[in-house]
Amino acid sequence: MMSINQIADSLRRGERLSTIDAIRLWREAPLWLLGELAVERKRQASGDEVYYNRNIHLEPSNICLFNCEFCSFRRREGDPDAWTMSLDDVEARAREMQGSDITEVHIVGGVHPKHDLETYCAMIRRVKGALPNVAIKAYTAVEILYMIRRAGISIVEGLRRLKEAGMEAIPGGGAEIFDEALRSKICPDKCSSEEWLAVHRAAHNMDIPTNCTILYGHIETIEQRVDHLDRLRRLQDEAPGFDAFIPLKYRSRNNRMSEIGECSVEEDMRMIAMSRIFLDNIPHIKAYWVAYGKPTTEMALAFGADDIDGTIDDSTKIYSMAGADEKPSMSVAELEDLVRGAGFVPIERDTHYNAVVREKRVVEAPKAEPTPVVVAPEPNPEVKVEPKVESKPEVKVEQPTKETNKKEKKSMAKTKAKAKEGVKSFYERHHIISHIILIGIVGIALIIALYIGLKIGTRHGNTIAVPNYLGMSVDDVRTHAKREGLEIVVRDSVFDSDVAGGVVVDQLPKLSTKRTVTVKPGRKIYVTINAYNRRMVDVPYVAKQTLRQALNQLERAGLSIEKLNYEPNLTSTDYVVRQSIEGREISPSTAVKVPYATGVTLGVTYRRDEQYTVVPRLVGMRLSQAKSTVWDRGLNIKEVIYDATVTDFKQRREAKVYKQSLHPNAGAQRGSELTLYLSCDMELVDSLTKISDRDARAYEKKRREEEAEREAQLAKEEAETSEE
Ligand code: V47
């Protein structure tokens, strides 16, 4: 097996990285070495240049037949925040961009049950009709397979029709992770890995360039990432056509995998660097700034990325709905600054990575689409991708120079000065009229301000009392809100093992105990729901040891106790003899994974003379501590009840026990159940803790006295019988 240094030397010699060495490098190489190797390879591929483009995304609908675990974007038909654009809407959106400088429209959305191949082709035609000089990069392999299957035609025929409609390239989405076992967990309904690759293979063979992606940073392993890259590299060897690879960082908001959280920036850099090093036959590695955010994107350029995507103009929701920038948009100046900030040279590119040189803009010219001029990039000896320039007219134009900019600025300054002069001379000539006009303007402004102020202050118009959605399932909440004329937005998901998946645990605006909170019709109510899916954890075998040891082990594994079932035994008490989970008996050889915080049932022994335990004092404890203490004493928890001060998930974590159904220090049979009462009213908790302390001492005293009395009674009875 090669050492890290030997692998690095082999890469420096330009050799291809094997999958085994890739796994080793990924795991063991220091980050700086990965950066150095990746940037070396990046420079061979694209020198100092880093690409961006002027683009928008068009997401015709978020309604999707598929229900991927990681997706925050998807809605079902009828959901209040579902949208579908008609063909006219699509065209209108494209028309909005007329006169802008964009060179690409990226169309991707949900797999809409009512859209067929013809609808998808018509969308392309509408956009192309409105923006004839713009390239359309459209539809993921997943969408393409769906429309092709529905039409009952071959992949090649389907792609031919899309190309005929105006599709010039295919984006890289839908690849997710190729490992079949993992794919079936995170996106079970989606096309298979083989099908995804088949669409891209067919596209490459038809000279349709495509991109490719990986969705990483969730529950995949390094081996699964390398396997994914390997399948892409092999396809590119067999049928070249991938322009760019885009590692897509899993973003965790508002989806059913939220519990997993997001990976670190170091992990992102390793991903970017390893993609560059491993994918030696894919020319561009894109750090998609919308998914990463600007600082991480800038850093990615030091780890081998050479593309950052484009201006976007607040046109995609996939990432904002998953926790990234709410309104993703970057100007050309910002994109270029970002690239320069990382020490590289920004190059505007078109969809096919040809450099775009822009015609000089004439100030005050009527709005017209500027003709971007594409210039083929310098031939790169390492990369065998031909620049595709034949369809674009070659017009030699000049880029705006510093000199012309100065002239434009001067003439604008002159115009401004003239206008100022005009106002001044009018004022001097018509003194009184000017005053009257001024007073009129100020008066009107005051009336408008008063009107707006009154409107806001007195909340004119209809208002709706914000309903209490806490504890309701999100589906019921949506139905209710729709009836009330409100909109529900799931803004976060958390995990609480005591609450069912999909139940609302927090809402904004919050309710008040002092007044009715009202909103205008149509307002958004933001809710936080309890996650449906939890992290999977291994169940350890905990039988054949003491209850305390078993509890420690289960807690460390992230599990809890469903029930302690006590059974009599001749020799021991609190010894675990069996263990089951969801009715399934666990043996030392059973390998089971269950969702985090699942409850385990334990069979525990007691000697008949030790059937009683002492109830612990729980008042003042947080729930997790109280639970551990209860189980440790051999008792079960029947119910957890929160008072009205606990209204959301965060408060559930902060709440403390103020009452318990079994008296502290009382004797109780092992396995007995008790109910816990929790509150966030800390004054109440503190005072009850004191009372409970006093009470407990009094109770303990009374118990001891009673015991002593009983013993005295017994002794007396014994003495009497012996006398007899
Ligand atoms: O396939 C969905 C990903 C993809 C989440 O080709 C998520 O130039 C992270 O493919 N967290 C669609 N990722 C976007 C895409 C893309 C984006 C930009 C440029 C190009 C290109 C392609 O977004 C999906 C999926 O892998 N995705 N949800 C999420 N919660």
Side-chain angles (χ1 to χ4, degrees), residues 51-53 55-59 62 64 66-75 104-111 135-144 167-178 182-183 186-187 190-191 193 196 200 203 208-220 228 232 241-263 268 271 282 284-293 297 305 307-312 315-325 328 349-353 490 492-493 533:
Y51 302 95
Y52 70 89
N53 70 351
N55 65 343
I56 60 158
H57 284 219
L58 206 142
E59 290 164 350
N62 61 349
C64 190
F66 304 142
N67 193 5
C68 301
E69 299 290 309
F70 54 78
C71 185
S72 318
F73 175 79
R74 181 249 185 192
R75 293 291 179 273
E104 180 182 279
V105 177
H106 172 144
I107 316 179
V108 166
V111 174
I136 313 258
K137 180 171 74 172
Y139 310 131
T140 64
V142 178
E143 290 166 287
I144 292 175
M167 178 189 78
E168 254 182 64
I170 294 176
E176 320 314 357
I177 193 92
F178 290 147
L182 186 49
R183 196 173 180 83
I186 66 168
C187 48
K190 256 193 184 146
C191 70
S193 324
W196 188 96
H200 285 258
I208 304 169
T210 77
N211 286 342
C212 49
T213 58
I214 184 174
L215 179 71
Y216 75 95
H218 42 93
I219 51 172
E220 84 288 358
H228 189 98
L232 292 172
F242 287 130
D243 274 345
F245 174 68
I246 309 140
L248 293 170
K249 177 189 179 105
Y250 164 67
R251 302 301 307 257
S252 67
R253 272 223 167 173
N254 296 339
N255 58 57
R256 295 198 305 283
M257 290 180 10
S258 294
E259 179 60 21
I260 291 162
E262 291 175 6
C263 71
D268 295 332
M271 181 75 230
I282 299 186
H284 304 289
I285 303 294
K286 187 191 283 190
Y288 182 42
W289 74 262
V290 176
Y292 280 132
T297 304
D307 187 357
I308 55 173
D309 208 89
T311 44
I312 302 285
S315 57
T316 172
K317 292 256 170 292
I318 297 182
Y319 282 86
S320 27
M321 288 166 89
D325 195 351
R349 63 159 178 89
D350 69 1
T351 299
H352 308 291
Y353 287 86
V490 176
D492 206 353
S493 97
N533 268 11

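Just follow the structure's listing: the first ligand is 1, and inside any ligand the first atom is 1.
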(message) Just by distance, no angles: are the side chains of Y353 and D307 close enough, under 3.5 Å, to form a donor-acceptor pair?
(response) yes
(request) Start with the C-alpha gap between N55 and V105, add the side-chain angles, then the distance that decides, and say whether side chain to side chain contact (heavy atoms under 4.5 Å, CB included) holds. (result) CA-CA 6 Å; N55 65 343; V105 177; over 6 Å; no
(request) Can you pull out the closest protein heavy atom to atom 3 (C) of ligand 1? Residue, atom name and distance to 0.1 Å, please. (result) Y319 OH, 3.4 Å
(message) So if I count the atoms of ligand 1 from 1 in the order they appear, which ones are less than 4.0 Å from some heavy atom of I246?
(response) 6 (O), 8 (O), 20 (C), 21 (C)
(request) For N211, take its heavy atoms, then give the atoms of ligand 1 lying under 4.0 Å from any of them. (result) 6 (O), 8 (O), 21 (C)
(message) With a 3.5 Å distance limit and no angle check, can you tell me whether E143 reaches the backbone of G109 through a side-chain donor-acceptor pair?
(response) yes
(message) Tell me the protein heavy atom at minimum distance from atom 17 (C) of ligand 1, and give that distance in Å.
(response) Y288 CE2, 3.6 Å
(message) Tell me the closest heavy-atom pair linking P247 and Y292, and the distance in Å.
(response) O-OH, 3.6 Å
(message) Between ligand 1 and K249, can you find any atom pair, the residue atom being a heavy atom, that is separated by under 4.0 Å?
(response) yes
(request) Specify the protein heavy atom at minimum distance from atom 26 (O) of ligand 1: its residue, its atom name, and the distance to 0.1 Å. (result) E176 OE1, 2.4 Å
(message) Tell me whether A175 has any N or O atom under 3.5 angstrom from an N or O of ligand 1.
(response) no
(request) Please say whether K286 places an N or O atom under 3.5 Å from an N or O atom belonging to ligand 1. (result) yes
(message) When you compare ligand 1 with T213, is there at least one nitrogen or oxygen pair between them that comes in under 3.5 angstrom?
(response) no
(message) For atom 22 (C) of ligand 1, what is the closest protein heavy atom, and at what distance to 0.1 Å?
(response) H106 CE1, 3.7 Å
(message) Between E59 and K317, does any side-chain N to carboxylate O distance fall below 4.0 Å?
(response) no
(request) Please report the closest heavy-atom contact between C187 and F70, naming both atoms and the distance. (result) CB-CE2, 4.0 Å
(request) Give the residue and atom name of whichever protein heavy atom lies nearest to atom 1 (O) of ligand 1, and the separation in Å to one decimal. (result) G174 N, 2.7 Å
(message) Give me the nearest non-hydrogen protein atom to atom 10 (O) of ligand 1 as residue plus atom name, then the distance to 0.1 Å.
(response) G173 CA, 2.9 Å
(message) As an exercise, identify every atom of ligand 1 less than 4.0 angstrom from a heavy atom of P171.
(response) 6 (O)
(request) Indicate yes or no for a side-chain donor-acceptor contact from R251 to the backbone of L248 under 3.5 Å, with no hydrogens or angles considered. (result) no
(message) Tell me the protein heavy atom at minimum distance from atom 11 (N) of ligand 1, and give that distance in Å.
(response) R251 N, 2.8 Å
(request) Taking all heavy atoms of I170 and all of K137, pick out the closest pair and write down the distance. (result) C-CG, 4.0 Å
(request) Around atom 15 (C) of ligand 1, find the nearest protein heavy atom and jot down its residue, atom name and distance. (result) L248 CD1, 3.8 Å
(request) Examine K137 against ligand 1 and note whether any of their N/O atoms are separated by less than 3.5 Å. (result) yes
(request) Taking atom types as modelled, find out whether Y250 and N255 have a side-chain donor-acceptor pair closer than 3.5 angstrom. (result) yes
(message) With a 3.5 Å distance limit and no angle check, can you tell me whether H228 reaches the backbone of F178 through a side-chain donor-acceptor pair?
(response) yes
(request) Could you tell me whether some N/O pair between G172 and ligand 1 is separated by less than 3.5 angstrom? (result) yes
(message) Within the structure, is a non-hydrogen atom of T140 found at a distance of less than 4.0 Å from ligand 1?
(response) no
(request) Consider only side-chain N and O atoms of H218 and E262, and report whether a donor and an acceptor are under 3.5 Å apart. (result) no
(message) Is there a polar contact, in the sense of an N or O pair closer than 3.5 Å, between L215 and ligand 1?
(response) no
(message) With respect to D309, determine whether any N or O atom, backbone or side chain, lies less than 3.5 Å from an N or O atom of ligand 1.
(response) no
(request) Check ligand 1 against N255 and write out every atom of the ligand that is under 4.0 Å from a heavy-atom position of the residue. (result) 30 (N)
(message) With heavy-atom distances below 4.5 Å as the criterion, would you say the side chains of K286 and N211 are in contact?
(response) yes
(request) Show which atoms of ligand 1 fall inside a sub-4.0 Å distance from at least one heavy-atom site of A322. (result) 30 (N)
(request) Output yes when a side-chain donor or acceptor of R183 lies under 3.5 Å from a complementary backbone atom of A175, and no otherwise. (result) yes
